[in-house]
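Comments concern the structure below.
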Amino acid sequence: MRFSLSLSSPHCFLRFSTLSPLPHYPSMASGSNSLIWFRKGLRIHDNPALEYASNGSTYLYPVFVIDPHYMEPDPNAFSPGSTRAGLNRIRFLLESLVDLDSSLQKLGSRLLVFKGEPSEVLFRCLKEWDIKKLCFEYDTEPYYQALDIKVKNYASAAGIEVFSPVSHTLFNPADIIQKNGGRPPLTYQSFMKLAGQPSWASSPLSTNISGLSPVGNVGNCEISKVPTLQELGYEDIGQDELTPFRGGESEALKRLDGAMKDKEWVAKFEKPKGDPSAFQKPATTVLSPYLKFGCLSSRYFYQCIQDVQKNVKKHTLPPVSLLGQLLWRDFFYTVAFGTPNFDQMKGNRICKQIPWNVDDGLLAAWRDARTGFPWIDAIMVQLQKWGWMHHLARHCVACFLTRGDLFVHWEKGRDVFERLLIDSDWAINNGNWLWLSCSSFFYQYNRIYSPISFGKKYDPNGDYIRHFLPILKDMPKEYIYEPWTAPLSIQNKAKCIIGKDYPKPVISHDIASKECKRMLAEAYELNKKLNGSVSEEDLKISRRKFEEDQSQESNSKRLKNKS
DNA sequence: GAAGGGTTGTAGCT
DNA sequence: AGCTACAACCCTTC
């Protein structure tokens, strides 16, 4: 906290001088009114901002603001939803809000929902209700960093106390960066050394609140209930088309409980050994969407895992253990917070500069599950329908799009994931795309996931493919990962003609992956030579060079074929 | 400068 | 299920 405040102070002064005269506050006779502003942290348990807001206040106003920029339907988007979020995640959020409202009501309170630009709405509320204490969970994302400076400046000018605790992550990213001399650690091991045990690891978290201060008079503020999808302007889509995962804290705790009951499973958890093709019963906890919205406290989750581990003889360790997964989350939050332009290649000091293709055709084929590789396409269908896939499945499609086969820019794939995943998290999503594209953290670009054999290893019968790509459901298992190799008689029998009912592969994996390796090798060399300061012009030149090489190669092949 | 390590590659062998 | 070769990257640490 201290570190981040000192970071933001220059902006503070700038913003301060541009503020209009101090707002006038009505001289309402009141004790002390507090406002808890929910953004993430959509929970009651282990919610320090909520607890602090309620303590000693006469009235407590729990507020959530629906931001039209995030929630308004966008008919031009490539899938149902808003500009930024697919329908699955919007629905997950609404369900989480309904659950939060009902939990608040059990504690004698309720959720006050507004629509509009968050800071404008908030300023109106602060004035109208004569708020003395404003509480909200600290957020490290650039969007909230900018918004929160605005809000904090307004509050301090108006003499309102602001309480903004770090409770979304296990550690405060700013502390870890400070410990490391101002730069974030770039490896998991160095992160672990710096982080150590969380300060609260063995002290009880506040998971039981018996009651909250009542909601005061809301005055002239226009408050609505949690809207339905239809009220937000979305069409009614069949349940079958939507994610099987329900949002909300209650659901999160139920799911957590279910996972923790199987002590052996928790103790033996090894992430890389999970089966990405398991969909009836996923190989992981599927708690990520709940962590994303803060329906589940990562600290509470941490303590639950710790409890299980204490009571077994042997358990796995980070990075592969279940606890290790939570630490990965904090790792990415820390690097993301301490790296300017973390979500792009340009101006990102930890990101290799690579001359990615600009090929919207290949991107669209990948996005719309038309690559012709059933393993890849099935995963993309699961993404569209469920908004969730196993971690290793994400690896396969991310590798395929970028360094493995299509050589499309990781930012394009990132955008698709960010929109469609119900657990899409700014720091983690960008971190993993940097990882998978060999742009940062991970550099062994020879290790390419095969779009054919990787899935086969887990699911030789192709049940996962048959489920998400029913057009291939009668394809014999000998051909289901490479249906273009099936004889026409087999294709006929399976009622799936390749090139007509299901596409032919967009590339040859053998050729494309070799080409990708070569391009990465050259790009790395250039990055080394220019010591990280690769310009747009350098990238253009190498892109052109690759294209020339490619056409020369195909020319020589043509010549060879002729002779 | 060299050595060691890096959450999760593939193919082929036992 | 576990070894090996394959080809070989980067970053951290010494």
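Because only heavy atoms are used, hydrogens play no part in the values below, and waters and symmetry mates are left out as well, while side chains stay in. Letters go in sequence order (proteins before strands), and every chain restarts at 1. All figures in this text were calculated on a predicted structure; none of them were measured in a lab.
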Original post:
Atom NE2 of H391(A) and atom C1' of dG9(B): how far apart are they, to the nearest Å?
Top reply: 15 Å

Subject >> Exceeds 12 heavy-atom contacts within 6.0 angstrom, atom NZ of K517(A) >> reply: yes

**OP:** Please name the residue in the list P451(A), S450(A), C396(A) that meets the side-chain contact (heavy atoms from CB on, under 4.5 Å) test with F373(A).
**Re:** P451(A)

Subject >> T243(A)-N88(A) side chain donor-acceptor pair, cut-off 3.5 Å >> reply: no

Original post:
What's the CZ-P distance between F442(A) and dG6(B), to the nearest Å?
Top reply: 13 Å

Subject >> Length of the line joining H390(A):NE2 and dT8(B):C1', which is rounded to integer Å >> reply: 9 Å

Set out, line by line, the N/O atom pairs under 3.5 Å between protein and nucleotides 7-14 of chain C.
from: dA8(C); atom 1: O4'; to: N446(A); atom 2: ND2; distance (Å): 3.3

**OP:** Ignoring hydrogens and angles, state whether a donor on the side chain of S424(A) or R89(A) is under 3.5 Å from an acceptor on the partner side chain.
**Re:** yes

Original post:
Using atom P of each nucleotide, how far apart are dT4(C) and dG5(B) to the nearest Å?
Top reply: 16 Å

**OP:** Could you check if a side-chain atom of I465(A) sits within less than 4.5 angstrom of a side-chain atom of Y481(A), using non-hydrogen atoms only?
**Re:** yes

Original post:
Separation of K271(A) atom NZ from dT7(B) atom C1', in whole Å?
Top reply: 9 Å

Original post:
Where do D275(A) and S277(A) land on the side chain to side chain donor-acceptor pair (under 3.5 Å) test, with the steps shown first?
Top reply: CA-CA 5 Å; D275(A) 176 357; S277(A) 70; 2.7 Å; yes

Original post:
Are the side chains of L170(A) and L327(A) in touch, meaning some heavy atoms are under 4.5 Å apart?
Top reply: yes

Do any N or O atoms of the protein come closer than 3.5 Å to N or O atoms of nucleotides 10-14 of chain B, and which pairs are they?
from: dT10(B); atom 1: OP1; to: S450(A); atom 2: N; distance (Å): 2.4
from: dT10(B); atom 1: OP2; to: K457(A); atom 2: NZ; distance (Å): 3.4
from: dA11(B); atom 1: OP2; to: S453(A); atom 2: OG; distance (Å): 3.0

Original post:
Atom CG of L436(A) to atom C1' of dT8(B): distance rounded to whole Å?
Top reply: 10 Å

Subject >> Pair assignment for DNA chain B - dot-bracket with | for other-strand partners, Watson-Crick or G-U under 3.5 Å >> reply: ||||||..||||||

Original post:
Between dT8(B) atom C1' and D275(A) atom CG, what is the distance in whole Å?
Top reply: 13 Å

Subject >> Centroid-centroid under 6.0 Å between F441(A) and F332(A) rings >> reply: yes

Original post:
Rounded to the Å, how far apart are W375(A) CH2 and dG9(B) P?
Top reply: 14 Å

**OP:** Taking atom types as modelled, find out whether T207(A) and D46(A) have a side-chain donor-acceptor pair closer than 3.5 angstrom.
**Re:** no

Original post:
Would F92(A) and Y290(A) count as a close aromatic pair, with their ring centres under 6.0 Å?
Top reply: yes

Original post:
Which whole number of Å gives the distance between the P atom of dA8(C) and that of dG6(B)?
Top reply: 22 Å

Subject >> Pairwise P distance for dA7(C) and dA2(B), with rounding to whole Å >> reply: 22 Å

Original post:
When rounded to the nearest 0.5 angstrom, what is the spacing between CD in E141(A) and NZ in K40(A)?
Top reply: 3.5 Å

Original post:
Distance between the P atoms of dT7(B) and dA5(C), in whole angstroms?
Top reply: 23 Å

Original post:
Once you round to the nearest 0.5 Å, how far does CZ of R403(A) lie from CZ of F442(A)?
Top reply: 5.0 Å

**OP:** To the nearest Å, give me how far apart CG (D405(A)) and P (dG9(B)) are.
**Re:** 16 Å

